[in-house]
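All remarks here apply to the structure that follows.
Numbered from 1 within each chain, the chains take letters A, B, ... in sequence-line order.
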Amino acid sequence: MDTDEDIVFKALADASRRDLLDRLREKSGLTLGELCEAHDMSRQAVTKHLALLEAAHLVVAVKRGREKLHYLNPLPINDVYMRWVGKFEQSRVQALHNLKQALKEKDNGKA
Amino acid sequence: MAKPDLVYVTYIRTTPEKLWAALTTPEFTRQYWGGSANVSSWEKGASWQHTGEDGTVHHVGVVEEVIPLQRLVLSWHNPSETEDISRVTFELVQMDEVVQLNVIHGDFIENSVMADGVSKGWPIVIASMKSYLETGTPLLTIWQHSACHAGCGDKEAAA
């Protein structure tokens with residue numbers, strides 16, 4: 001069985017779906033019709049891609065009246081970032097923090 | 001309601017009680033929100049504030065709607081700001097073993113500095129909360145948090 005992470009990576013492993021995410025990053029809250037406008041894909045194809053993106057929680061659909069508005073949910077990608085990049089980033093950030101502290105203490109010592 | 005601009009959905013292995021406490025209890029918020037606390041009586045119409053460890057108030061607003069364990073709606077702005085006011089909605093939905101948390105930040109003014117800042121801040125705050133609730137270890141350090149506030153146009157944090 002696919003884990004949540006497998007579903008995210010599978011959803012991302014397609015250029016058309018990544019295009020849809022790009023579109024939603026540029027402008028949030030688009031309807032299916034608006035998403036179809038900029039693509040050469042059929043309405044059925046866009047619907048199918050959106051279903052996979054929604055299953056991976058990369059896209060969230062919010063109902064507003066009769067319309068369904070689509071939003072990019074960046075949290076699953078943030079999880080991927082935190083797993084492989086975030087930790088290294090944290091140590092670099094920590095090093096800067098330590099440097100700042102050390103300089104402050106040095107300054108205080110002079111005064 | 002105007003169209004929401006930022007929508008975040010995450011699933012956390014916890015209970016609605018714990019998640020609600022994580023949002024509304026100062027001691028709890030401090031653990032994962034980089035040392036900052038959400039403080040209010042959480043009654044409709046009450047004020048609320050997001051306060052750093054050193055007492056600096058970063059964000060303020062009014063509690064517009066509250067259904068304990070389910071829904072919390074806050075107006076949200078920097079203390080010195082009178083125009084760049086937005087609205088945050090937290091929704092908690094209990095599923096089988098997890099709680100779905102929706103964070104919706106919207107009703108921004110045109111070219112809102114806050115919108116730009118929080119779009120960088122929310123993913124890490126929410127990830128940190130999830131990590132803290134599930135494993136006991138937050139992801140967000142105090143240092144990262146001040147960088148986060150600088151992005152929201154919070155001049156004191158940026159200084």
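Under the 4.5 Å side-chain heavy-atom criterion for ILVMFWY residues, a single connected hydrophobic cluster contains both B/V98 and A/V60. B/V99 and B/I67 fall into different hydrophobic clusters, where Ile, Leu, Val, Met, Phe, Trp and Tyr are joined by side-chain heavy atoms under 4.5 Å apart, directly or via other members. A/I7 and A/V80 fall into different hydrophobic clusters, defined by Ile, Leu, Val, Met, Phe, Trp and Tyr side-chain heavy atoms under 4.5 Å apart, directly or through other members. Both B/L23 and B/L139 are part of a single hydrophobic cluster, where members link through side-chain heavy atoms under 4.5 Å apart. The hydrophobic cluster containing B/L69 also contains B/V103, counting ILVMFWY residues as joined when their side-chain heavy atoms lie under 4.5 angstrom apart, directly or transitively.
In terms of heavy-atom proximity, A/S28 sits nearest to B/D5 at OG-O, 3.1 Å. What you find for B/V7 and A/P74 is that their closest heavy atoms are O-CD, 4.4 Å.
To the nearest 0.5 Å, atom OH of residue A/Y81 and atom CD1 of residue B/I124 are 7.0 Å apart. Put simply, CG on A/N73 and OG1 on B/T10 are 7.5 Å apart, with the number rounded to the nearest 0.5 Å.
Side-chain contact check for A/L75 versus B/V9: every heavy-atom pair is 4.5 Å or farther apart.
Counting non-hydrogen atoms of neighbouring residues, nucleotides and ligands closer than 6.0 angstrom, the CG atom of A/D6 exceeds 12 such neighbours. Atom CG of A/D40 sits in a sparse spot, with 12 or fewer heavy atoms from other residues, nucleotides or ligands closer than 6.0 Å.
Of residues 47-58 of chain A, those residues with a non-hydrogen atom less than 4.5 Å from any non-hydrogen atom of chain B are, in numerical order, A/H57.
For A/I77, no part lies near chain B; criterion is any non-hydrogen pair under 4.5 Å.
Residues satisfying the salt bridge (Lys or Arg N to Asp or Glu O under 4.0 Å) test with A/K10, not counting sequence neighbours, are A/D2.
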